[in-house]
Amino acid sequence: MNQFSTVIDRYFSRQRCPRLNFNTFHNHHHRFGSIQRSYLQPTSYASILQEVKELIKPLQQVHANIVTSGLSQNIFLSNRLTNSYASCGLLDDADQIFHRIPCKNVVSWTILISGYVKNSLFVEAIDVFRAMVLISGLQPNAITISSILPAFGNVGLIQIGKSVHSFWIRHGFGTNVFVETAMVGMYSKFGCISVARQLFDNMSERNTVSWNAIISGYSDHGFGEEVFRLFSLMRRDGFSTDCFTIMSLISAALSIEGSRVGVEIHSFAIKTGFNNDQLVRTALMNIYVNEKCIEDAYLIFNEMVVKDVVAWTLMLTGFSSGQYWNKAIEHFNEMMRLEELELDSVALTGILSSCCSLGALQEGRRVHTLTVKTGFSHDMFVGSAIIDMYANCANLEEARIFFQEMEEKDVACWNAMIAGNGMNGYGNDAIDLFLRMKGSGINPDESTLVCILCACSHTGMVDQGLHIFNHMVESWNIVPNSRHYACVVDLLGRAGRLSDAYSLVNSMPLNPEFEVYCALLSACKVHGNIELGIEISEKLFQLEPNDAGYYALLSNMYALAGNWEGVKMTRVSLRSKGLKKDPGFSSIEINGELYTFMAGQKDHPQYFEIDGLLNYMILKIKEVGYVPDTKFVLQELSDDMKRDILYHHSEKLAIAFGLGRTKPGTIIRITKNLRACNDCHSASKLISKVFERVLLVKDAKRFHVFQDGVCSCKDYWGVIQSSKILGLVCSGINLKVTRSGGEYKEVLGSLVGSLLYFIKVLSLQDQHCFSLS
DNA sequence: TTAGGGTTAG
């Protein structure tokens with residue numbers, strides 16, 4: 001840095017007083033017949049440019065001086081200028097200078113190509129390369145080839161990549177470690193890892209970069225073990241390790257399931273000094289986020305001097321996957337405020353999916369508006385995240401409007417829309433979309449089939465679901481995987497066809513993964529088959545011994561069977577493994593503000609506000625018959641303590657808070673991360689009656705509407721059945737359903753859809769939901 | 001008579 005500033009300083013101090021060297025100045029003036037501010041030779045400009053490289057202002061000034069010196073035709077200087085502008089990311093300027101060069105040479109072309117590649121503008125790089133080959137008549141050399149290959153790799157142009165490869169061989173350029181390394185990188189990106197490996201094995205010369213190329217190839221494709229094997233070979237052969245190597249090791253470690261290596265890799269990075277690298281730090285954050293050590297990730301994030309958009313996005317993912325909901329909201333609000341942070345499609349998708357899991361509709365809408373302003377709403381990833389967000393926030397209408405207005409839709413957008421219809425109860429519409437997909441030129445993929453089967457199961461369309469499942473291969477050429485089986489097991493289970501579900505699992509041609517057993521387990525619950533339930537819980541427990549969720553499941557099954565010894569054992573082994581189950585929380589939106597309550601949270605900023613309300617609420621519902629159902633507190637505690645735990649379930653905290661902030665006759669909308677427990681369920685019914693509120697609770701599985709002391713939607717069912725819905729007027733989160741008789745009834749937007757869905761589900765069997773919270 | 005190159009994250 002010091003060298004930079006000295007040279008630049010020297011240059012500009014000369015600029016400020018050109019007359020010091022009057023003779024040179026005079027000579028230039030004489031020669032060019034105009035006032036020359038600079039007396040420098042092209043070679044001096046060249047070295048200044050070298051130093052100036054990524055400093056935009058000085059670069060522009062040097063550029064201006066080169067022009068006024070009449071040196072803009074100098075190909076050497078023009079090439080350097082092109083390179084400097086490209087290094088600053090100013091590709092338009094680089095392109096302009098390039099185009100003004102009268103006799104471009106191979107170097108000029110190569111500089112522009114590599115400039116685009118370095119800025120990830122691969123398509124542009126390929127266009128330039130094409131023009132070079134087809135128009136200029138110049139032949140690319142080894143440097144050109146090594147510059148363009150990554151572009152082919154990133155865009156996935158396998159054919160062109162291969163033909164450049166054969167051009168390289170045909171022309172007998174001989175061995176070149178740069179080109180060969182780039183080839184390894186390109187084939188790895190294509191997913192042709194064995195070709196890449198063969199090329200790598202045949203290299204006559206290798207260096208750290210070539211090793212990194214093959215290692216990152218393996219780590220990109222999830223061959224974690226092979227990465228570590230190659231890494232030890234690399235060290236054995238005496239090659240040094242750098243940041244790139246560390247990055248691959250980190251992603252390899254991440255791909256090896258259940259490996260908790262965060263601390264080891266972190267200390268290795270500190271020992272080797274690589275922890276000062278921005279990318280390594282970010283990758284370390286990623287490990288901690290993945291291991292759910294959010295505090296550790298946050299420590300690294302906090303210490304970062306330069307927090308870039310990747311770090312911010314990763315931290316957001318951390319907060320929301322670690323269920324630090326308030327933190328997540330604070331964090332993404334800050335992200336939206338920071339002007340220097342340029343939000344890109346990944347960041348926006350991340351924010352939207354956090355809104356999704358939070359049920360934060362207002363925030364989600366703001367992000368949607370932002371994506372429209374910034375043009376990212378046309379991005380397919382962002383677009384499908386917007387659809388997902390609206391559908392998950394129970395606002396299917398807005399999802400539909402957005403979907404319809406999209407100019408271009410890829411398979412992920414269709415999938416999101418199909419899933420959205422399914423989860424909101426529009427099974428027929430989901431099927432309709434599914435059938436329309438092909439007509440618009442989009443082929444269903446594996447996920448599409450998951451979405452549609454899921455939609456069928458959620459809306460009780462058993463026959464349609466089975467029909468689709470049975471024709472997957474012949475109609476769409478998709479072989480059912482474990483997730484598809486899980487959907488069908490769920491479909492049969494919800495319909496009460498436990499034995500069909502069970503025999504389907506037993507007849508599976510592949511090993512059932514955990515989601516299949518999960519589906520079978522809930523089928524057992526619906527069917528009341530505790531014995532089989534325990535058997536399956538134990539299987540799940542073996543499959544995912546490190547997931548606290550399955551301990552809860554198993555413990556709940558034991559509790560249902562009255563096996564308290566089993567409950568105790570599960571708890572002990574949960575603690576001995578140092579695992580924590582996901583804490584329960586509920587959030588509620590009041591006047592566009594989202595408030596989140598954790599179960600048992602007495603240090604909540606709003607606790608004083610709700611403490612009195614909570615007691616009053618319990619008192620009032622006790623008057624109309626509420627009896628706390630302590631058998632759902634699966635711990636051996638005194639009855640008083642059990643009751644205290646029940647009263648402080650996050651859902652009750654949120655409801656109490658909502659009661660204090662709303663008037664009778666309003667709708668209170670609550671999102672819960674886990675499933676609502678039976679005690680909260682029966683309390684909610686009474687609350688809706690006593691306090692004259694409509695409670696709409698969306699939990700991990702379904703929507704519940706509590707009104708007038710009942711949790712059913714018969715009233716609404718009646719509204720929908722007996723009236724033609726003449727118009728749906730969007731207003732905030734509410735929709736007005738217009739009855740044919742001219743009478744208005746306000747219901748929640750989600751309701752129309754969710755009604756159909758949960759009438760079917762709830763009428764089958766009152767749900768059994770248990771949670772350890 | 002200079003200049004241009006390969007492998008990294010959310």
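Residues A:M247 and A:L279 approach most closely at SD-O, 3.5 Å, considering heavy atoms. The nearest pair of heavy atoms linking A:S377 to A:V382 is CA-CG1, 4.4 Å. For the pair A:S204 and A:T175, the tightest heavy-atom approach, listed with the atom from each and the gap, is OG-CG2, 3.6 Å.
Side chain of A:S147, nearest nucleotide from B:dT7, B:dG4, B:dG5: B:dG5. Among the nucleotides B:dG4, B:dG6, B:dT7, the one closest to any side-chain atom of A:A213 is B:dT7. When each of B:dT8, B:dT2, B:dG6 is scored by its nearest atom to the side-chain atoms of A:N207, the top-ranked nucleotide is B:dG6. Nearest to the side-chain atoms of A:S146 among the listed nucleotides B:dG5, B:dA3, B:dA9 stands B:dG5. Residue A:T144 has its side chain nearest to B:dG4 when only B:dG6, B:dT8, B:dG4 are considered. Among the nucleotides B:dA3, B:dA9, B:dT8, the one closest to any side-chain atom of A:F244 is B:dT8. When distances run from any side-chain atom of A:V106 to the nucleotides B:dG5, B:dT8, B:dG4, the shortest one goes to B:dG4. With distances taken from any side-chain atom of A:R80 to the nucleotides B:dA3, B:dG5, B:dT8, the minimum falls on B:dA3. Side-chain atoms of A:S114 lie closest to B:dG5 of the nucleotides B:dA9, B:dG5, B:dT7.
In this model, a donor atom of one side chain and an acceptor atom of the other lie less than 3.5 Å apart for A:E295 and A:Y324. Between the side chains of A:N79 and A:T82, no donor-acceptor pair of N or O atoms lies under 3.5 Å. Checking A:S251 against A:S219 by side-chain atom types alone, a donor-acceptor pair falls below 3.5 Å.
Dashed line: the shortest gap from a side-chain N or O of A:K118 to OP1 or OP2 of B:dG4 is not under 4.0 Å. Look at A:N83 and you'll find a side-chain N or O under 4.0 angstrom from OP1 or OP2 of B:dG4. A close approach under 4.0 Å does occur between a side-chain nitrogen or oxygen of A:N286 and OP1 or OP2 of B:dG10.
Using a 4.0 Å cut-off on heavy atoms, the residues of residues 182-197 of chain A that approach DNA chain B are A:A182, A:K189, listed by number. Listed in residue order, the members of residues 308-316 of chain A having a heavy atom less than 4.0 Å from DNA chain B are A:D308, A:V309, A:V310, A:T313, A:L314. Contacts between residues 332-356 of chain A and DNA chain B, defined by a heavy-atom separation below 4.0 Å, involve A:D344, A:V346, A:A347, listed by number. For the segment residues 171-178 of chain A, the set of residues with a heavy atom within less than 4.0 Å of an atom of DNA chain B comprises A:N176, A:V177, A:F178, in numerical order.
Below 30°, between 30° and 60°, or above 60°: for A:W211 and A:F239 the angle between ring planes is between 30° and 60°, a tilted geometry. Using bins of under 30°, 30° to 60° and over 60° for the plane-to-plane angle, the ring pair A:H171/A:F173 lands in the parallel bin.
Within 4.0 Å of A:V289, counting heavy atoms only, lies no atom of the nucleic acid at all. Backbone-only contact: A:I111 has heavy atoms under 4.0 Å from sugar-phosphate atoms and none from a base. Among the atoms of the strands shown, none is found under 4.0 Å from any heavy atom of A:D277. Within 4.0 Å (heavy atoms only), A:S210 reaches at least one base atom of the nucleic acid.
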Worked verdict on A:E363 versus A:M336 for side chain to side chain contact (heavy atoms under 4.5 Å, CB included): CA-CA 10 Å; A:E363 314 282 351; A:M336 308 260 282; over 6 Å; no
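Taking the ring centroids of A:W109 and A:F129, they lie at or beyond the 6.0 Å cut-off.
Rounded to an integer number of Å, the gap from A:F239 CZ to B:dT7 C1' is 14 Å. With rounding to whole Å, A:Q278 atom CD is found 10 Å from B:dA9 atom C1'. Remark: C1' of B:dG10 and CZ of A:F301 are 12 Å apart, rounded to the nearest angstrom. Rounded to whole Å, atom P of B:dT8 lies 21 Å from atom CE of A:M285. Atom CZ of A:F274 and atom P of B:dT7 are 18 Å apart (whole Å). Atoms CG (A:N212) and P (B:dG6) sit 13 Å apart, rounded to a whole Å. B:dG4 atom C1' lies 13 Å from atom CG of A:L138, rounded to whole Å. Here B:dT2 presents its C1' atom at 13 Å from CD1 of A:I143, a figure rounded to the nearest Å.
Under the side chain to side chain donor-acceptor pair (under 3.5 Å) criterion, the residue pairs touching residues 113-124 of chain A are A:D95-A:Y116, with sequence neighbours excluded.
No option in A:H165, A:Q198, A:K162 other than A:H165 meets the side-chain hydrogen bond (donor to acceptor under 3.5 Å, both in side chains) test with A:Y187.
If you take SG on A:C88 and NZ on A:K57, they are separated by 11.5 Å, rounding to the nearest 0.5 Å.
Between A:E226 and A:R197, at least one side-chain nitrogen of the basic residue sits less than 4.0 Å from a carboxylate oxygen of the acidic one, meeting the salt-bridge criterion.
A heavy-atom distance below 4.5 Å is not found between the side chains of A:N202 and A:E180.
For A:H331, the ring-ring contact (aromatic ring centres under 6.0 Å, His included) partners are A:F301, A:W312, A:F319, not counting sequence neighbours.
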